[in-house]
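What you see is a predicted model; the values in this text were computed from it and never measured. Just so you know, residue 1 is the first one in the sequence shown, and it goes up from there.
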Amino acid sequence: MPPKERRIALMGFRSVGKSSLTIQFVENHFVDLYDPTIENTFEKTIKLRGQEYVLQLVDTAGQDEYSILPQSYFMSIDGYVLVYSVNSHKSFDVVKVVYEKLLDMKGIIKGVPVVLVGNKCDLTMDREVPVEEGKKLASSWNVPFQEASAKENQSVTDIFHQIVMAIEKAEGGTPEKSGCTVS
Ligand SMILES: Nc1nc2c(ncn2[C@@H]2O[C@H](COP(=O)(O)OP(=O)(O)OP(=O)(O)O)[C@@H](O)[C@H]2O)c(=O)[nH]1
């Protein structure tokens, strides 16, 4: 089977760890310093269930509730990783707004491939968003949910496997189970 190309955007509030998750996944290291992103695209080829995928990962500039999302975030993007950080309730609120905007722009209520990610789960002492809240939100959207830590490389690969599977599912191609921790 020829490789399938998939374009995936990471979106969410500033400083939630979109770049860190992407860099941990693509380059296997953690960047401690904070360097706000304008927009970067990374590429990684993975093999999942016998199929090769060439992933283009669009690491977007952080959004807030007032951001007007550029048209390029809707065109030619196959799936979205929506990220908040568990130590910021504000980022949790922003991810809800971003999701609503995506649905508005995509013009379909169901079937936008999304994975909801609560990053920085290593920051146990600073947690503001309980895991249950994340789970509840994801289940209200009917999408997979994953807490992760780019810093400790926890569940980072799972996130990208889950979004690839969600895209396959939306295209009617694949079984629901991904073998990853999906709530
Ligand atoms: N403790 C902890 N810190 C993290 C984690 N992920 C990212 N950070 C830190 O959080 C800060 C912001 O990370 P970035 O990856 O730049 O965040 P971003 O969402 O890409 O930020 P923007 O480019 O502004 O949208 C950096 O100082 C990272 O080192 C994590 O899992 N745990």
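Rounding to the nearest 0.5 angstrom, the gap separating the CG atom in Asp35 from the OG atom in Ser20 is 10.5 Å. Summarising the geometry, atom CG belonging to Leu10 is positioned 11.0 Å from atom CD belonging to Glu39; distances are rounded to the nearest 0.5 Å. Distance check, rounded to the nearest 0.5 Å: OG of Ser91 to CD of Glu128 gives 8.0 Å. Note: Asn153 CG to His29 NE2 = 11.5 Å, rounded to the nearest 0.5 Å. The CE atom of Met165 sits 12.0 Å away from the CG atom of Asp158 when rounded to the nearest 0.5 Å. Atom OG of residue Ser88 and atom CG of residue Leu123 lie 11.0 Å apart, to the nearest 0.5 angstrom.
Between the side chain of Lys151 and the backbone N or O of Phe30 there is no donor-acceptor pair closer than 3.5 Å. Side chain of Ser149 to backbone of Glu152: a donor-acceptor contact under 3.5 angstrom is found.
Summarising the geometry of Thr60 relative to Ala9, their closest heavy-atom pair is CG2-CB, 4.4 Å, with the distance given to 0.1 Å. Taking each heavy atom of Glu133 and Val129 in turn, the nearest pair found is CB-CG1, 4.0 Å. Across all their heavy atoms, Val114 and Pro144 have their closest contact at O-CD, 3.4 Å. Among all heavy-atom pairs drawn from Lys120 and Val16, the shortest one is CE-O, 3.5 Å. Here the closest heavy-atom approach between residue Val117 and residue Leu21 is recorded as CG1-CD1, 4.3 Å. What you find for Ala150 and Gln24 is that their closest heavy atoms are O-NE2, 2.9 Å.
Remark: Lys44 fails to qualify as a cation-pi partner of Phe160 under the 6.0 Å distance and 45° angle criteria applied to the six-membered ring.
Using a 4.0 Å cut-off between charged side-chain N and carboxylate O, Arg7 and Glu43 make no salt bridge. A salt bridge links Lys90 with Glu65; the closest basic N to acidic carboxylate O contact falls under 4.0 Å.
With hydrophobic clusters built from ILVMFWY side chains whose heavy atoms lie under 4.5 angstrom apart, Leu57 shares a cluster with Val31. Hydrophobic clustering places Val26 together with Val164 (ILVMFWY residues linked when any side-chain heavy atoms are closer than 4.5 Å, directly or through intermediates). The cluster map of Ile, Leu, Val, Met, Phe, Trp and Tyr, joined by side-chain heavy atoms under 4.5 Å apart, puts Val83 and Leu103 in the same cluster. Both Val115 and Val131 are assigned to one and the same hydrophobic cluster, defined by single-linkage of ILVMFWY side chains at heavy-atom distances under 4.5 Å. Under the 4.5 Å side-chain heavy-atom criterion for ILVMFWY residues, a single connected hydrophobic cluster contains both Ile167 and Phe42.
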Step by step, would you call Gln63 with Tyr73 a side-chain hydrogen bond (donor to acceptor under 3.5 Å, both in side chains)? CA-CA 12 Å; Gln63 295 84 42; Tyr73 291 179; 4.6 Å; no
Apply side-chain contact (heavy atoms from CB on, under 4.5 Å) to Leu55 and Phe25, showing your working. CA-CA 11 Å; Leu55 305 183; Phe25 179 61; 4.0 Å; yes
For Asp64 and Ser67: C-alpha separation, side-chain torsions, deciding distance, then whether side-chain hydrogen bond (donor to acceptor under 3.5 Å, both in side chains) applies. CA-CA 5 Å; Asp64 62 28; Ser67 298; 3.3 Å; yes
Could you please spell out the steps behind the side-chain contact (heavy atoms from CB on, under 4.5 Å) verdict for Ile159 and Val81? CA-CA 8 Å; Ile159 293 167; Val81 175; 3.8 Å; yes
With side-chain contact (heavy atoms from CB on, under 4.5 Å) as the criterion, how do Leu102 and Tyr80 come out once you've worked through the C-alpha distance, each side chain's angles and the decisive distance to 0.1 Å? CA-CA 9 Å; Leu102 274 179; Tyr80 299 87; 3.5 Å; yes
Are Lys4 and Gln51 close enough, and set up right, to give a side-chain contact (heavy atoms from CB on, under 4.5 Å), and what steps lead you there? CA-CA 8 Å; Lys4 295 185 181 179; Gln51 170 68 54; 3.5 Å; yes
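No side-chain N or O of Thr41 forms a donor-acceptor pair with one of Gln56 less than 3.5 Å apart. Between the side chains of Thr22 and Asp59, no donor-acceptor pair of N or O atoms lies under 3.5 Å.
Counting heavy atoms from C-beta outward, Glu168 and Arg6 have side chains that approach closer than 4.5 Å. Between Gln154 and Cys121 the shortest side-chain heavy-atom distance falls below 4.5 Å. Within the 4.5 Å cutoff, the side chain of Ile8 has no heavy atoms near those of the Val58 side chain. Counting heavy atoms from C-beta outward, Leu69 and Met11 have side chains that approach closer than 4.5 Å.
Using a 30° and 60° split on the angle between ring planes, Phe145 and Tyr84 fall in the parallel class, below 30°. Trp141 and Tyr99 have parallel rings, their planes meeting at less than 30° on a 0 to 90° scale where 60° marks the start of perpendicular.
Residues meeting the ring-ring contact (aromatic ring centres under 6.0 Å, His included) test with Phe13, sequence neighbours left out: none. Checked against side chain to side chain donor-acceptor pair (under 3.5 Å), Glu5 has no partners two or more places apart in sequence or in another chain.
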